[in-house]
Every structure is written in structure tokens, then in C-alpha cells.
Amino acid sequence: MELIKSLTKSNAPSGCEESVRNIIIDEVKKFADEIITDTMGNLIVHKKGKGKKLMFAAHMDEIGIMVTHIQDDGFIRFAAVGGVNAYNCINSKVVFANGTTGVVSYEQTNGIKDLKLANMYIDIGASDKESAQKYVNVGDTACFVGDCAFNGNIVISKSLDNRIGCYALIQALKKIKNNTYDLYFTFTVQEEVGLRGARTSAYKINPDMAIAVDVTRTGDTPSSSAMDVKLGSGVAVKVKDASVICHHEVRESLIDVAKKNNIKYQLEVLEKGGTDAGAIHLSHEGVPSGGLSIPTRYIHSSSEMSDLNDVEECIKLIAAFCER
Amino acid sequence: MIKNIEKLCNICGVSGDEDKVREYIINKITPLCDDIRTDSMGNVIALKKGASSDKKIMIAVHMDEVGFIVSEITDKGFIKFQSVGGIDPRVLVSKRVVIGDKRIKGVIGMKAVHLQNKSEREKAVAENKLTIDIGAKSKKDALKWIEIGDYISFATEFEQFGNGFIKGKALDNRVGCAVAMELLKERYDYDLYVCFTVQEEIGLRGATVAAYAVEPDIALVIETTTASDVSGTDEHQYVVRLNHGAAVTLMDSRTIVDKRLAAWLYENGNKKGIKTQYKESNAGGNDAGAIHLSKEGVKTCAISLPCRYLHSPVTVAAKDDVNSVYELSRLFLQNTKSIMKIMR
């Protein structure tokens, strides 16, 4: 619980993943043979094994905003970092790395029909440009505010996408005793802006097989669009999304391990959206890749919701797979 | 440098047809380089050895410009075309162009305004409704000068005007080429690979393979970027302003520049009296998008010349800004040692 709290609280929009990386390094250093931070900022945690190279990837970054302009009247204009929905932003709070909090709102004359980020601004309560610049400057990034809350086994927080995936990888690493594979647990950067960290880290590792660990949406809320994944129905084994068609052997092996170990799983076919596997499977001469997803509602909002029971199944499956 | 920009801008070199630009550049820079080669895509990779060969610095400037390609010749001898790179069709009607190696003159035309129905008048004209008139009497006549697949450029001559302004076609990115040529006159701490890239305008293609070949330790892209500091735009949407200096990218649609790298350029530029501004938008993309994801990743930054009316027949920029782009790029090259220390 404490680890989930501190991971989700980290302020790490794409390109600014340092705070998450530091937490992870602290957690995993006792369990790793080698830890590398590469050029892009990916954290590669190597746990040696005799077998083939198996890469796991969970992205550390979250969506957020970057300041593009500070007006003479002290209001701040911004651009999205990753897939930020304008409607989710209305009157929500953002926080900068230095702790400055702002409110995102919109130009009233345009109304909220066809709302665009270009017609929105951040208000930190500054009376003019000069006083705003004491706290915030062009190029600064902020993440959305959404405290981590627990209802029993349900967790609600910002950035469960994908700190809950990072959490699953960390916990699995701690569990693994006799790994058959040569393991590379990779915590990637800049997934939300286009799977960028996964691409360069996969090139560096050159794995024989890869599995991305991320969140996926569910189809179990009132009148939601069709999707077979449900909260609480176990870890989702990815079949395909918009970025990757999972390698059948990887998918079948994951299912096989789940069945043998009594791990609750469901299958995921995601119509839109992608994961790090999308970049990894096209690295070098091609890498057989798959995905494990944690069912999550309200993705890319400040109130994402996951079920810790599903997370637990995910951890068990990762660990069992590594030891198979 | 302005003289060189004039010559470069007047050359036609639409994506995939950069030969004449390449030839011009190779002729000029060969005496300045320790090695120069053209790769299979057509990128020119020029090496200027540094005091040390421990590290490799890459500069990327694209040679290609947006334009068109001949797709069909009608029975009456009019030329149908497709655009190469992103061009707003609204800027095309009545513009002068040149076609192919023989530089055949043409005018982009459409049917007369009184013959257009209401919806045609109200909507922006689509590219496929336009044809180029080369003054041919028939298809047979046109075929004497034109072939399917010939490239088409805007027929704009470079000019200086107003109070320190320049205008022309292809400032994007011949200005970058000219700046890079100037930078090759000096030696720096590390080996410098200046890559004059092809096919940037259609998807950063040349830079993808150039970066793969060079394997740089750090890279700088010298480019142009949209300035919308014109009437009808709110100040927060200007992106950059003319005469406010070199524009440093923080983030665009293809790249997030390492904050420390962008900040180094912005702060040290201004400290040294080089006018430097941040690009205040996340739109657009340039060769940095391809380079920074090459192999295991490359720290890459971008310095751009603010330009009004990019990807149109006439682009406008300020001479002072050209100088700032050169000075800031030079400052980067003179300090790669300390910059790489910060990045560690």
C-alpha cells in the first residue's frame, strides 16, 4: 500500500521520470545483479539467469502538461504531454515539480462545446507575469492531482497508468527465486508520447522475448463501449491492441502458466491504444512479444481505478512465468 | 551567409529530388571537410575532425523542401499534381511554379470564380481540382517538356526586404544548410558529423538512416519553425516571434528534449548576448524525432529559425535571427564537453 502510494504520488510526466526511477531503484537494488539507467532515462534491472533473454517493460511516465506561455496577466498556457482529455481537465488541479498547484480552466466565451486545450489555461493565482514566473516557467511540466485512496481491495488514484504496472514488476522481482530466463525488468520512459523509451531500451537489450506490463481499459461500466475485460476478473493476457498483435507462443505460454498455477486471468482485445510491446516487437530482427494488463477504469483521468486482486494475479503470473 | 542562403533557396530540391542542393553543398564544403560521403538515401555526411575522436557530435539539417510531383497530364495539356510534404491547398491558386530539370514555367489555375457554385466558392479548393497551366496546346505538346514524375517547385526568387527581413521559398531548411556550412569552417573539441539529410518533409526518412550510420553521442538539429506572430493570432499562440532570436525546442510532436539540454541552450545563449527564445508550442516535428530514437537513444536538441508562412510559396524570416541561430549553434559546438558532463 505504501509503495503504491509513493509511486502514484510521484510527479513524472513523460520526459521527467526521475522521481519514479529513484523510488524503483531503492526498491529493487537488493534483488538485482545490475542496474542501468540508459541515455533516454530507461531503468534496466538485470537479474541474471542461464536461459534466454526475457524483457519485461512497464512504463514509468504519466500524462501531464507542459507550460508553453505565461501571459502578462499571470495566466499560464500549456500543451498536453501525452493523451490529455480537455474535458477531464476542467477545473482540475495540476501540481508542478516544485509543489506549485494550479487550476486548469477554460475561456468562458467559447463554452465547453468543442473544448480544446488551446482555449484552456492554468491559474496559479498570480496577479501578473512576473509573479507567476517566481513559481512557474515556460517548459515546466506538471501532473494532475489525484490522491491515492483505497476501498478495501479497490485502489483509486492518478497515474495507476502505469505505476500499478511498475508496482507489479517490482513485487514480482522480489518474489522470483529460481529464474530460468536471463531477466531484464525494464522501467521505460516516454510511453505516453509514443512508446519511445521502449524502442531504445529494446534495441539495447536485444531480447529473445518481451512482455509489456501496463493497464488496459474495461468494458464493465454503465453503457461503456464494448470490451470484454472486467475489473476484478483477473490479470488480462493481451491478444492484440492497436500497436501489436501478440506473438501466439508468448500468449499461449502465459495462459499455460496461468492455468498451471491457478492464476485468474482474462483475455484482452483492445481496439484503440497501444503499449510498449508495440515498439519492442519491431526491434532489431523482431522480438516475440506479449502483454499483461491490469484492468483499469477511467484511464488518463486523475481518478483511475484498479483492483488489487487483479494486480496480485499479475504479480503471480510474472513470477511464475520467469520460473517456468 | 545571406548570399549563400539566397543561392540555396533558389535551387529546387523537393523531397526525393535533392540532387542539385546536394551537388551545390558538396562543391562548397569539400575543402572544409576531412571526409565527405553520400549514402544510399542521398544524405551527405561530412566529417570535420575535432581535437579528440572520443565522441561524435552530429548536426542534422535537411536539404529537401516541400513541393509537388506531376501525376497526370490532361488531354488539353494541363498538369495534374500531388503534393510532396504538407502544403495547405488554400495557398496554391494562381501561384507560379517551375517543373522538372528544364525548369518549365507554369501557373496553378482553377476554374473562374463566376463558374464556381456556392459550395465551391465557400470551401477551400481541393488539390485535385487544381491544374498547372504550362502554356501547352495539347497533351502531346505538354509531353515535349514534361514527364509524369517530374518534380515541381514554387517559382519564388529569394529577396531581402523591409527592415532586415528575407523572403523566399525553401528557407525551410536551406537556412539550416547554410548555417551548417558556416559551422564547418571551424574545428571543435570532438569529431563533428554534419548530415545534410533528405526526405525530412515526408517523415524524417533521411535522418533515420544517417543517425543509424553515424551513431552520435549527442546531436543538434538546425531547422526552421512556425512563427505565427501576425495579426489575428492571440499572443499565446505565436509559438515564436521574428527578431526575438533562435528558437530552442522543449517538446514537439516527435521529441521531448532533455530539459537540461534545452535549458543549457536557452540560458547560455541569453547569457552570451545571443537572442534566444523557447518555442512555445508542442506542434510540429523535425529530424530530432528520428535521431533521438536511433539505436540505444541519442541526446538530441533543436535550434530553429522563426519563419512566417512556412510551407507556402513565400516564407519570411529576419536576418538577425539567422545570425542568432548560427551563434547559438556555434556556442553548442564549442561547449559539447561541458554539455555532455551535465547530461551524465
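Reminder, nothing fancy here: chain letters follow the sequence lines and each chain counts from 1. Computed from heavy atoms alone, side chains included, the values below leave out hydrogens, waters and symmetry copies.
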So which residues of residues 75-95 of chain A are in contact with chain B at a heavy-atom cut-off of under 4.5 Å?
A:R77, A:A79, A:A80, A:V81
A:K204 NZ to B:K295 NZ distance, which is reported to the nearest 0.5 Å:
13.0 Å
Hey, is NZ on A:K47 packed in by over 12 heavy atoms from elsewhere, all under 6.0 Å?
yes
Based on non-hydrogen pairs under 4.5 Å, which of B:M343, B:Q237, B:R254 is most in contact with chain A?
B:R254
Are there over 12 heavy-atom neighbours, none belonging to B:I342, within less than 6.0 Å of that residue's CD1?
yes
Do the non-hydrogen side-chain atoms of B:H292 and A:T39 ever get within less than 4.5 Å of each other?
no
Name, in order of residue number, those residues of residues 45-62 of chain B that have a heavy atom at a distance of less than 4.5 Å from a heavy atom in chain A; otherwise write 'none'.
none
Considering only heavy atoms, which portion of A:A279 lies under 4.5 Å from any heavy atom of chain B: side chain, backbone, both, or neither?
neither
Separation between CG of B:D234 and NE2 of A:H69, rounded to the nearest 0.5 Å:
9.5 Å
Side chain, backbone, both or neither of A:S283 within contact of chain B (heavy atoms, under 4.5 Å):
neither
Under 6.0 Å from the CD atom of A:Q133, do we count more than 12 heavy atoms belonging to anything else shown?
yes
With a 4.5 angstrom heavy-atom cut-off, could you sort out which part of B:V298 is near chain A: side chain, backbone, both or neither?
backbone
Decide yes or no for B:L250 and A:V138: does some side-chain heavy atom of the first lie under 4.5 Å from some side-chain heavy atom of the second?
yes
What one should report as the nearest heavy-atom pair of B:K259 and A:C16 is NZ-SG, 3.7 Å
Flag the pair B:I256 / A:R196 as yes when at least one side-chain heavy-atom distance between them is below 4.5 Å, and no otherwise.
yes
Between B:E296 and A:D38, is a side chain to side chain contact (heavy atoms under 4.5 Å, CB included) present by the stated rule, with each step listed?
CA-CA 8 Å; B:E296 296 182 11; A:D38 75 3; 5.9 Å; no
A:Y203 vs B:Y212 aromatic rings, parallel, tilted or perpendicular, using cut-offs 30° and 60°?
perpendicular
Before you tell me yes or no, could you show the steps for A:Q71 and B:E235 under side chain to side chain contact (heavy atoms under 4.5 Å, CB included), namely the whole-Å CA-CA distance, both residues' side-chain angles and the distance that decides it to 0.1 Å?
CA-CA 8 Å; A:Q71 297 184 177; B:E235 206 176 299; over 6 Å; no
